[in-house]
Amino acid sequence: MFITQKPPPSAMLITSFQLHSVLSTAYSQAARKFLAGPSEKWEKKGIRCSSASLNCFSGGILKMEVKNCSSNGGCCASQVNNGDLPLPGAFLEFLEENGLDPSIYSLAESIPRYIRVKPEFESDIGGIESELNCKLEKVIWLPSFYSIPPHIQIASSQSYQLGKIYGMDAASGAAVLALNVLPGDHVLDLCAAPGAKLCMLCDMLGRAGSLTGVDVARHRLAACRTMLQKYSIGDVCRLFVSDGTSFSVLPFRSKYGTDGTNPEVSEVKFAEWTNRKSRKEKRRERRARERNYSKPNPEPELLFYGRNSGVAGLSKSELFHPIKDDEPCSSGYDKVLVDAECTHDGSIKHIQKFESWGWKTLQRRVLDAERTDDLFNLQLRLLTNGFKLLKTGGTLVYSTCSLTVAQNEDVIERFLCLNPLAELHEVDVAEKWPCKAGRIPKTLRFDPTTSQTSGLFIAKISKLP
């Protein structure tokens, strides 16, 4: 249906299409082809042009606006201030430079929301449906996952507050499932926040083995701690505030440090974890934290540990003993998840948040040239350190929610060149997954149009003897 509207002074509004979920991609691609031509390249060299920009809105409406640009006329991608969600020019340029189609951001209202139901509560699906007032559609390719309409909010529901369900995109669940975690495994989640994958890993481990969660942001890791306590699943888990590129604490496998030394008799041992601490204890911990962070190479801060995580009863020197170069090969982690920091461009809902956070925040956090140049090195260093801490024969999964090649296949290719003991593997559980092959054989890609999920890249790597 065509909607007539008086064009703004400096722009000609062509039309607005109310997109149905099935036709949204076809419409946007056809429209883009219609407007294609020399003028579609936004003004890069100061030449006069007529520029087409795609503005994709959260309400499922795709608007295309044509503006005239000149060498002194400013940016060609418009900012429409009518309550809809436009994509700013800088982000459109980022997408173009990486060969990504802006039309995916018009699919927000056609992509379902996903929740994970804790396995022990799956018998109460009917009750959860009644409470949320919607049908839970089982995700047949991913155990314990269900899809719900995108507008449904779960935070105020009793099922969420009682720890029966939590929100988690199905693609993220696939990355965890690709690890093939078994009870008794020692697992490392090197970029643990905000915590949904950490919770799923806890459920898969049960009460055997151990789970170590690491994140550089203390406040975000504190949110992970809250989730573990809320869902009562942190019994075998320990959380460290640390830089994932240099973290070096191995899983606890023996009574004393793996170097064979005993701690000093007088050394203080870790007691069982408790949230109930006096003001004096909290003040002492805060001062110790400040002293530690002022050091050139601060040691990891132990933010939480469960009753059966292996920490209680240890001394500090046992927990943080220096590791030898070849020690992780025999005493490292069985499974490592590196869900690396990225530009998050594959998460439509994440990009939508910048409407309230401010598009300047997107520019600073995502599109800043210095930051994006550093991302490749950060991702490579995270992957390299995760692999270093992996035991021989163990499995590592590298993932990001970016759709770009630079943050995924390029990182994997460089890593494999530098690490002859690393071998890429097929994700054996992915036979029925709604995803595509990556540019590198054996890697996988989820995307909104193919998978009806957020975008996600997955690579599975093992360490050879």
**Student:** Which distance, rounded to the nearest 0.5 Å, do you find between the OG of S144 and the CD1 of I165?
**Tutor:**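 Going from OG on S144 over to CD1 on I165, the span is 13.0 Å.
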**Student:** Look at atom CG of L464 and say whether more than 12 heavy atoms of other residues, nucleotides or ligands are closer to it than 6.0 Å.
**Tutor:**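 Count over threshold, so yes.
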**Student:** Flag yes if more than 12 heavy atoms outside K360 fall under 6.0 Å of its NZ atom; otherwise flag no.
**Tutor:**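 Atom NZ in K360 is not crowded, with 12 or fewer foreign heavy atoms closer than 6.0 Å.
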**Student:** With sequence neighbours excluded, give me every salt bridge (Lys or Arg N to Asp or Glu O under 4.0 Å) pair touching residues 225-240.
**Tutor:**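 Of all non-adjacent pairs touching residues 225-240, those that pass salt bridge (Lys or Arg N to Asp or Glu O under 4.0 Å) are R207-D235.
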**Student:** Taking the six-membered ring for Trp, is the centroid-to-centroid distance between F415 and Y398 below 6.0 Å?
**Tutor:**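 No, too far apart.
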**Student:** Any carboxylate oxygen within less than 4.0 angstrom of a Lys/Arg side-chain nitrogen, looking at K460 and E426?
**Tutor:**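 E426 and K460: not salt-bridged.
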**Student:** Taking only residues two or more places apart in sequence or in another chain, which ones pass salt bridge (charged side-chain N to carboxylate O under 4.0 Å, His left out) with E122?
**Tutor:**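 Per chain and number, E122 pairs via salt bridge (charged side-chain N to carboxylate O under 4.0 Å, His left out) with K138.
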**Student:** Before accepting this row, confirm whether a basic side-chain N of the pair D124/K164 lies closer than 4.0 Å to the acidic partner's carboxylate O.
**Tutor:**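 So D124 pairs with K164 through a salt bridge.
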**Student:** Students often mix this up, so state it plainly: with edges at 30° and 60°, are the rings of Y231 and Y160 parallel, tilted or perpendicular?
**Tutor:**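 It falls in the perpendicular class, over 60°.
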**Student:** For ring-ring contact (aromatic ring centres under 6.0 Å, His included), just list the numbers for F91 and Y105, CA-CA rounded to whole Å, side-chain angles, deciding distance to a tenth of an Å, and then say yes or no.
**Tutor:** CA-CA 12 Å; F91 187 60; Y105 298 97; 5.5 Å; yes
**Student:** For R439, is the CZ atom crowded, meaning more than 12 foreign heavy atoms sit under 6.0 Å from it?
**Tutor:**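 Yes, CZ of R439 has more than 12 neighbouring heavy atoms, counting only those of other groups under 6.0 Å.
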**Student:** Output, in order, the C-alpha distance, side-chain angles, deciding distance and verdict of side-chain contact (heavy atoms from CB on, under 4.5 Å) for L188 and L390.
**Tutor:** CA-CA 9 Å; L188 171 63; L390 185 68; over 6 Å; no
**Student:** Under a 4.0 Å threshold between the charged nitrogen and the carboxylate oxygen, would R116 count as salt-bridged to D203?
**Tutor:**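 A salt bridge links D203 with R116.
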**Student:** Does a sphere of radius 6.0 Å around CG in D428 hold more than 12 heavy atoms from other residues, nucleotides or ligands, not counting ones at 6.0 Å or beyond?
**Tutor:**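 It does: D428 CG has more than 12 such atoms within range.
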**Student:** Is the shortest side-chain N to carboxylate O distance from R445 to E409 below 4.0 Å?
**Tutor:**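 Looking at E409 together with R445, the answer is yes, because their closest N to O distance falls below 4.0 Å.
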**Student:** Would you please name every residue forming a salt bridge (charged side-chain N to carboxylate O under 4.0 Å, His left out) with E120, sequence neighbours left out?
**Tutor:**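 Partners of E120 by the salt bridge (charged side-chain N to carboxylate O under 4.0 Å, His left out) criterion, ordered by chain and then number, come out as K118.
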